[in-house]
Amino acid sequence: MELKVVKFGGSSLADANQFKKVKEIITADESRRYVVPSAPGKRFSDDTKVTDMLYQCYECASRGENIDSLFDKIRERYNTIIKELELDFSLEEDFDVIKSAFRHKSGRDYAASRGEYLNGKVLAKYLGYDFIDAANVIFFKMDGSFDSEKTNEVLSKVLENHTHAVIPGFYGSMPNDTIKTFSRGGSDITGSIVARAAHVTLYENWTDVSGFKMADPRIIKDPKTIEYITYRELRELSYMGATVLHEDAVFPVRMMGIPINIKNTNAPLDKGTMIVSEAPEEANCSVITGIAGKKNFSVVRIEKDMMNQELGFGRRVLEVFEKNGISFEHLPSGIDTMSVVVAQNTIEDKKEQLLHDLFKSVTPDHITIEDGYALIAVVGRGMVSTKGTASKIFSSLSDSGVNIKMIDQGSSELNIIIGVKNEDFEKAMNSIYMAF
Ligand code: ASP
């Protein structure tokens, strides 16, 4: 039997008109029985998301300032939605509880989570679905990490007693009953957690774009939409900065092989993008699934003759990075050189110490640290079975005069990472996209 979890992002629930679209989508398909909402997002480009208003309001409260007018603006957002949907329903009691909790310094996470909590209540009322407070079914461990097993156990049981329910996204509770949120955009994770616990056949993630683009539309004009992408390709692309879905949202569903369909609330008939463990044969026509990239990396290049024969060399290098609290992103290496690529901001004020420790630990011949690198990931499951992908990338870059500073092919042959100077980034992205 078909059963779907549907998650709606903030822009899909920004005002009453968006709520109406959401209801239409849900009622058009009987299998859409579990709903995960975000807090109301922006209604127009310089509007403020309710989550940001809550953070702001809480900050004021913690400084002991008066929050009346800020809080009223939040209240107003919900009350306008309730009024325009003509719901016989009030959140006034909740508002009083929340406002007083703010004054008693209830915690920043608690404050932010109220956006989803309140929106969940409104949506449940509007749909006639049960409301399940995420605090009772989503759990974190004392160290702040997500407790996936406890959550799955409790949530599966609770869902058995609700055929139709709204479960607010973004938060859960700690062992001491305080509220904790995931990182920003975390309602995507909640959607995935509910999908796993309810054993659904599909997780629909409704947003304001019709799926993933092959490249960032701010850099490439009108990039094509990706029809099918595997979880692993998606991980690679989101790690490199492609946003649409929170990067941790794939884990719970991947475990169960549940596909995610990215859909557009404002164009519900568009197919969107399917995120799957294995793409169907017919969807394997293109070599490259997507391209993504980020600027501002530093490359620490360590040279030492015959380093490849020195037992434990790599380990000692990495130990130095670890000791300095710097995590590395890539490790392209040659016979006498090893490069460690790190995010520039993680190394900025540690360079001297790092050099000192490296010289002491591995006595290299030479070390350089160069800032201002951009990394571009060309990702595609089709690369394994296609010859000449790398050469196509490199000739396109050389044709457009981009100097390649680094190449790293992932061991899975799923991606090729190219390092260029920051100033060549846009040009490089465009020429690779055009080549494919
Ligand atoms: N409302 C939260 C945020 O703005 C979480 C979410 O929308 O997923 O980050």
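Counting starts at 1 for both ligands and their atoms, following the listed order. Nothing here was measured: the structure is a model prediction, and the numbers come from that model.
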* Report yes or no: is the cationic atom of Arg254 (NZ for Lys, CZ for Arg) under 6.0 Å from the centre of the six-membered ring of Phe251, at an angle within 45° of the ring normal? => no
* Should the pair Lys150 and Phe139 be classed as cation-pi, given the thresholds of under 6.0 Å to the six-membered ring centre and 45° from the axis? -> yes
* Test: Asp68 and Arg103 ion pair at under 4.0 Å ->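 Yes, this pair counts.
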* Asked: Going by atom types only, do Glu92 and Asn79 share a side-chain donor-acceptor pair under 3.5 Å?
  -> yes
* Say whether Asp357 and Asn324, considering side chains only, have a donor N or O and an acceptor N or O under 3.5 Å apart. =>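 There is such a pair between these side chains.
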* Which protein non-hydrogen atom lies closest to atom 6 (C) of ligand 1, naming both residue and atom, and how far is it? -> Ser187 OG, 3.3 Å
* Asked: Can you tell me which residue and heavy atom of the protein come closest to atom 3 (C) of ligand 1, and the distance to 0.1 Å?
  ->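 Result: Arg184 NE, 3.3 Å.
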Within less than 4.0 angstrom of ligand 1, does [X] place any heavy atom?
X	result
His246	no
Gly169	no
Gly10	no

* Could you pull out all residues at least two apart from Asp216 that satisfy side-chain contact (heavy atoms from CB on, under 4.5 Å)? =>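 So Asp216 forms a side-chain contact (heavy atoms from CB on, under 4.5 Å) with Arg218, Ile219.
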Any nitrogen or oxygen of [X] lying under 3.5 Å from a nitrogen or oxygen in ligand 1? Just yes or no.
X	result
Gly185	yes
Lys49	yes
Lys7	no

* Asked: Can you say whether the rings of Phe102 and Phe71 are parallel (under 30°), tilted (30 to 60°) or perpendicular (over 60°)?
  ->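 Phe102 vs Phe71 ring planes: perpendicular.
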* Asked: Which ligand 1 atoms does Ser38 reach within 4.0 Å, using its non-hydrogen atoms?
  -> 6 (C), 7 (O), 8 (O)
* Which of the ligand 1 atoms, numbered from 1, are nearer than 4.0 Å to a heavy atom of Glu116 -> 1 (N), 2 (C), 5 (C), 6 (C), 7 (O)
